[in-house]
Amino acid sequence: MNCYDCPGTPGPAVAVCIRCGAALCRTHVHESHPPTQDITGTGRASHEKPARHITCGACHAAETS
C-alpha cells in the first residue's frame, strides 16, 4: 500500500488514518496520545496509559482547528 498524501512517487504506507482510512507514510502521519476514558457507572474512568491516535494531515487539521 502507498501513501495517499505523497505527491509524485508515493512512499510506502506505515499507518492508516483513524478518521478517514487514508494510508500514510512516516512523513505524513500525525501521532498524538489523547487520554483514554471509559464511561462507567455514574462517571468516567481514565486509563493511566494514553492511546495512540493516528491521523492524516487533513483530519489532524480538522481536529485541531
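If you read the sequence from its start, that first residue is 1, and numbering goes on from there. None of these values were measured; they are calculated from a predicted model. Any value given below was found using the heavy atoms of this structure, including those in side chains, with hydrogens, waters and symmetry copies removed.
For the atom pair His60 NE2 and Leu24 CG, the distance stands at 12.0 Å (nearest 0.5 Å). In this structure, SG in Cys25 is found 9.5 Å from CG in Asn2, a value given to the nearest 0.5 Å. Considering SG of Cys17 and OH of Tyr4, their distance stands at 11.5 Å, rounded to 0.5 Å. Rounding to the nearest 0.5 angstrom, the gap separating the SG atom in Cys59 from the CD1 atom in Ile54 is 12.5 Å. Atoms NE2 and SG, from His30 and Cys56 in turn, are 7.5 Å apart once rounded to the nearest 0.5 Å.
A donor-acceptor contact closer than 3.5 angstrom links the side chains of His53 and Glu63.
Taking the side chain as every heavy atom from C-beta outward, Pro12 and Met1 never approach each other to under 4.5 Å.
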